[in-house]
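Heads up: the structure comes next, in structure tokens.
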Amino acid sequence: MTGENMHPRINSVLQRQTAGEKVEVAGWVRTRRDTGGFSFLEVNDGSCLANLQIIADKTLENYEQDVKRLTTGCSVRVEGTLQKSPAKGQAVELLASRIEVVGWADPEQYPLQKKRHSFEFLREITHLRPRTNALGAVARVRSRLSFAVHSFFQQKGFIQVHTPIITTSDCEGAGEMFQVTTARPHAGTGKGGLEEEFFGRRAGLTVSGQLQAEVYALALGNVYTFGPTFRAENSNTSRHLAEFWMIEPEMAFCDLHGNMRIAEEMLKYCLRDVMLNCPEDMDLFDRFIEKGLLAKLRNVTDLDFAHITYSEAVETLLSCGKTFEFAVQWGIDLQSEHERYLSEEVYKRPLIVTDYPAAIKPFYMRVNDDGRTVAAMDILVPGVGEIVGGSQREERYDVLESRMRAAGIDPAEYGWYLDLRRYGSAPHAGFGLGFERLVQFVTGMANIREVIPFPRTPGFAPC
RNA sequence: UCCUCGGUAGCUCAGCCGGUAGAGCAGGUGGCUGUUAACCACCUUGUCGGCGGUUCGAAUCCGUCCCGGGGAGCCA
């Protein structure tokens, strides 16, 4: 065999009822236990959380030379007969007729032990951590969530748009851009101007696909992007990454209410999908990562999200009798402690805050009739905080242009963006959903660095 | 980036009123048992985060840098 990956995966093997069936599996040894005349091997191939228990009898020709030397991390290929397991813990097990050691893992060197490891330690071995129960489960759930995002939008007729990774337009307010350039900083020629720039102008990695998504929304109606996003902020928190994935739907002929409806529907769809399709992994998170996780998620899928305007939020915070470290006042941005109080103590479920002061929000958000607020919405979830940020976009040319000037942005630089308002403008709205924050919320993982395979943070990008 | 706590064996941590280290787990060897965080006995392991300073002497005190946790800011 081989290159073809012909063997069944362990998740399907464990489903089978038919004892006596011959099967071959391949995977990594999690542990070996010896008993009188044979050994138990637990083999995991990543297809599911559960291991397949292998019965390795000492009559196997390589029992002494190979099987007895197997340790955590070794890769094996096992051929045998499926049988009902007489002991608790598993319904079926594989009575091996042949065990081939594919790759050894020196137990004195291999960093993973058959014991619990801290996530901080596992982060130092990014290349090995998916072999653990928790990180493997995160990978499967993340994959399923990604699939759910696509199914949700595809079922609703949204068209996926691949917005550029390299961009020359900064989505104002979204954070620092990583520079992309071919120019050598120390060429020694004295040169170094824009003529050396590959694109002839400053370019960077995208901080948001929104502006380009708007282009396609105003042509195709409902679109979404789902791609990597980069922020060169010196952020050191459990919910920020320098490279993360963002989902950004953009809908033409849609207002803030339609925007909020889609966001809520989408979040509920994703949670239901992953609870239905990853029950074992979700159970692991519920038991070991965040007690009560499943109840929390069901609470989200079963209840309507709470709604409050920024002004109402300010009133609530002012009259609740609680003292906050940062004083509340209309016009200032809500602090973490304020958001947390509202979502975790007052509403105890996802909370949508709308209509923020225009002064604290980006130029592209649509100005409300009161002239001082914009049609913005943030969705706050208990534990993670802001998971969605969105708005109805300013579709009125004159208003948009004056807001750009007020924000110190040269309208000439954004001619293409203004054109969307000049020709066949239409109300439209959209939002950004931080994919890793969604994975965090769904898995209960405390640190965002555990929900992306290869986290990038200030000073950290090992492989 | 700011505040705060921490960095000691492969991992998790104790030792920190200065006198050059210890436990549990992991690993090794042997035994036992349809085992499943297996069990029992014995054994091994350390630039005490880096650099500099104080001191007869520093894991321990001081400075600085790096890294991690918690909180904050930025946001998704």
Side-chain angles (χ1 to χ4, degrees), chain A residues 30-42 50-57 68-69 71-73 83-90 93 95 105-125 132-133 171-176 207-210 226 228-248 263 288 324-326 333-340 360-362 378-381 384-390 431-441 446-449 451-452 457-460 462:
Chain A
R30 282 297 178 80
T31 176
R32 188 196 86 230
R33 289 181 295 272
D34 300 325
T35 167
F38 60 98
S39 298
F40 294 100
L41 295 177
E42 299 230 16
N51 303 321
L52 177 62
Q53 178 161 280
I54 310 290
I55 308 300
D57 196 85
K68 287 285 290 256
R69 287 171 51 220
T71 51
T72 306
Q83 63 181 28
K84 279 212 167 80
S85 179
K88 286 180 187 166
Q90 59 285 314
E93 59 191 21
L95 177 62
D106 181 357
E108 307 222 359
Q109 302 281 321
Y110 190 58
L112 289 174
Q113 304 167 359
K114 53 178 183 181
K115 57 171 277 192
R116 218 198 146 276
H117 287 293
S118 68
F119 289 121
E120 291 81 13
F121 168 68
L122 292 174
R123 218 179 284 148
E124 294 168 10
I125 45 169
T132 64
N133 285 339
C171 193
E172 185 254 336
E176 282 297 306
V207 293
S208 167
Q210 181 200 316
F226 186 175
T229 310
F230 309 87
R231 305 271 167 94
E233 296 289 338
N234 193 359
S235 290
N236 292 288
T237 80
S238 56
R239 55 198 179 282
H240 288 89
L241 291 165
E243 175 182 293
F244 63 100
W245 290 66
M246 191 154 63
I247 296 139
E248 295 176 287
F288 300 115
F324 296 100
E325 193 186 333
F326 294 91
D333 211 351
L334 263 29
Q335 302 288 313
S336 264
E337 56 173 342
H338 306 141
E339 296 182 344
R340 190 170 295 163
I360 60 172
K361 289 292 185 183
D378 281 359
I379 301 184
L380 313 174
V381 294
V384 175
E386 184 178 344
I387 198 169
V388 164
F431 61 85
L433 166 68
F435 185 58
E436 282 75 19
R437 289 192 182 168
L438 176 63
V439 181
Q440 253 190 298
F441 184 64
N447 197 310
I448 200 166
R449 297 165 195 196
V451 299
I452 187 166
T457 51
F460 187 84

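Here is how names work: the chains are called A, B, and so on, in the same order as the sequence lines, proteins then strands, and each is numbered from 1.
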Inset, instruction - Please work out if A:R30 contacts a base, only the sugar-phosphate, or nothing of the nucleic acid, heavy-atom cut-off 4.0 Å. - result: nothing
Inset, instruction - Starting at atom CD of A:Q335, determine the distance to atom C1' of B:rC75, rounded to an integer number of angstrom. - result: 13 Å
Inset, instruction - Please check the phosphate of B:rC75 (OP1 and OP2 only) for any side-chain N or O of A:S235 closer than 4.0 Å. - result: no
Inset, instruction - Please determine if A:E386 and A:R437 form a salt bridge, counting it only when a charged side-chain N lies under 4.0 Å from a carboxylate O. - result: no
Legend entry - For atom CZ of A:R116 and atom C1' of B:rC11, their distance in whole Å: 11 Å
Inset, instruction - Over all heavy atoms of both residues, which pair between A:A263 and A:I379 is shortest? Give the atoms and the distance, please. - result: CB-CD1, 3.7 Å
Inset, instruction - Look at all strands and tell whether A:I247 reaches a base, only sugar-phosphate, or nothing, counting heavy atoms closer than 4.0 Å. - result: nothing
Inset, instruction - Indicate whether OP1 or OP2 belonging to B:rG27 is found under 4.0 Å from a side-chain N or O atom of A:Q113. - result: no
Legend entry - Between B:rC74 (C1') and A:N236 (CG): distance, integer Å: 11 Å
Inset, instruction - With RNA chain B as reference, determine whether A:T457 or A:V388 sits nearer its 5' end, using the nearest nucleotide of each. - result: A:T457
Inset, instruction - Could you check which nucleotide pairs with B:rG57 in any of the strands shown, counting Watson-Crick or G-U wobble with both distances under 3.5 Å? - result: none
Inset, instruction - Report the nucleotide, chosen from B:rG27, B:rG34, B:rA76, that has the shortest atom-to-atom distance to any side-chain atom of A:Q83. - result: B:rG34
Inset, instruction - Check every strand shown and say whether A:P86 touches a base, only sugar-phosphate, or nothing at a heavy-atom separation below 4.0 Å. - result: base
Inset, instruction - Using a 4.0 Å heavy-atom cut-off across all strands, classify A:E248 as base, sugar-phosphate, or nothing. - result: nothing
Inset, instruction - With a 3.5 angstrom cut-off on both distances, give the Watson-Crick or G-U wobble partner of B:rC42, or none if there isn't one. - result: B:rG28
Legend entry - Side-chain touch A:D34/A:R32, heavy atoms, less than 4.5 angstrom: yes
Inset, instruction - Report the base-pairing partner of B:rC17 (Watson-Crick or G-U wobble, both distances below 3.5 angstrom), or none. - result: none
Legend entry - First of A:G459 and A:E386 reached from the 5' end of RNA chain B, by closest nucleotide: A:G459
Inset, instruction - Using a heavy-atom cut-off of under 4.0 Å over every strand shown, decide if A:F38 touches base, sugar-phosphate, or nothing. - result: base
Legend entry - Between B:rG28 and B:rC65 - C1' atom distance, rounded Å: 39 Å
Inset, instruction - Describe, in one word, how the ring planes of A:F40 and A:F38 are oriented to each other, choosing from parallel (under 30°), tilted (30 to 60°) and perpendicular (over 60°). - result: perpendicular
Inset, instruction - Report which part of the nucleic acid A:S118 touches: base, sugar-phosphate, or nothing (heavy-atom distance under 4.0 Å, all strands). - result: sugar-phosphate
Legend entry - Between B:rU60 and B:rU54 - C1' atom distance, rounded Å: 13 Å
Legend entry - Nearest-angstrom distance, C1' atom, B:rG22 to B:rU33: 33 Å
Inset, instruction - Side-chain contact test, heavy atoms from C-beta onward, threshold under 4.5 Å: evaluate it for A:F441 versus A:I387 and give yes or no. - result: yes
Inset, instruction - In whole angstrom, give the distance that lies between atom CD of A:E337 and atom C1' of B:rG73. - result: 13 Å
Inset, instruction - Starting from P on B:rG73, measure out to CG on A:D333 and report it in whole angstrom. - result: 9 Å
Legend entry - Side-chain donor or acceptor of A:E233 paired with backbone N/O of A:E176 under 3.5 Å: yes
Legend entry - Validation row: A:R123, A:N447 side chains within 4.5 angstrom (heavy atoms): yes
Inset, instruction - May I have the distance from A:R340 (atom CZ) to B:rA72 (atom C1'), rounded to whole angstrom? - result: 10 Å
Inset, instruction - Name the pairing partner of B:rU35, where a pair is Watson-Crick or G-U wobble with both distances under 3.5 Å, or state none. - result: none
Inset, instruction - Select base, sugar-phosphate, or nothing to describe what A:R449 touches, counting heavy atoms under 4.0 Å on all strands. - result: sugar-phosphate
Legend entry - Among B:rA76, B:rC11, B:rU35, the nucleotide that comes nearest once only the side chain of A:I448 is considered: B:rA76
Inset, instruction - Look at A:K114 and B:rA38 and indicate whether a side-chain polar atom (N or O) is within less than 4.0 Å of OP1 or OP2. - result: yes
Legend entry - Span that lies between the P atom of B:rC11 and that of B:rC32, in whole angstrom: 34 Å
Inset, instruction - Scan A:T237 against the nucleic acid and name what it touches under 4.0 Å (heavy atoms): base, sugar-phosphate only, or nothing. - result: base
Legend entry - Below 4.0 Å: OP1/OP2 of B:rA37 and any side-chain N or O of A:T31: no
Inset, instruction - Answer yes or no: is there a donor N or O on one side and an acceptor on the other, between the side chain of A:H338 and the main chain of A:F326, under 3.5 Å? - result: yes
Inset, instruction - Scan every strand shown for a Watson-Crick or G-U wobble partner of B:rC51, both distances under 3.5 Å, and answer none if you come up empty. - result: B:rG63
Inset, instruction - Measure the distance from CD on A:Q90 to P on B:rA37 and round it to the nearest whole Å. - result: 10 Å
Legend entry - Nearest to side-chain heavy atoms of A:E233, which nucleotide of B:rC74, B:rG69, B:rU33: B:rC74
Legend entry - Separation of the C1' atoms in B:rU64 and B:rG24, to the nearest angstrom: 35 Å
Legend entry - Whole-angstrom distance between B:rA21 and B:rC13, as gauged at atom C1': 14 Å
Inset, instruction - Select one nucleotide: of B:rA76, B:rU33, B:rC25, the one nearest the side-chain heavy atoms of A:L241. - result: B:rA76
Inset, instruction - Looking at every strand, decide which applies to A:Q53 at a 4.0 Å heavy-atom threshold: base, sugar-phosphate, or nothing. - result: base
Inset, instruction - Could you tell me whether A:N51 contacts a base, only the sugar-phosphate backbone, or nothing, with contacts defined as non-hydrogen atoms closer than 4.0 Å? - result: nothing
Legend entry - B:rC48 versus B:rC5 - spacing of their P atoms, nearest Å: 24 Å
Legend entry - Per-pair stack call A:F244 and B:rA76, 5.5 Å, 30°: yes
Inset, instruction - Take the protein atom CD of A:E120 and the nucleotide atom P of B:rG7, then report the distance between them rounded to whole Å. - result: 14 Å
Inset, instruction - Return no unless some side-chain N or O of A:R239 is found under 4.0 Å from OP1 or OP2 of B:rA72. - result: yes
Inset, instruction - Using only side-chain N and O atoms of A:R437, determine if any of them is under 4.0 Å from OP1 or OP2 of B:rC75. - result: no
Legend entry - Closest non-hydrogen atom pair between A:F435 and A:I247, with its separation: CD1-CD1, 3.7 Å
Inset, instruction - Sticking with atom P, work out how far B:rG52 lies from B:rA58, rounded to a whole angstrom. - result: 13 Å
Legend entry - Selected nucleotide, minimal atom distance to A:H240 side chain, candidates B:rG70, B:rG28, B:rC74: B:rC74
Inset, instruction - Hunt down the Watson-Crick or G-U wobble partner of B:rA72, both distances under 3.5 Å, from any strand shown, or write none. - result: B:rU1
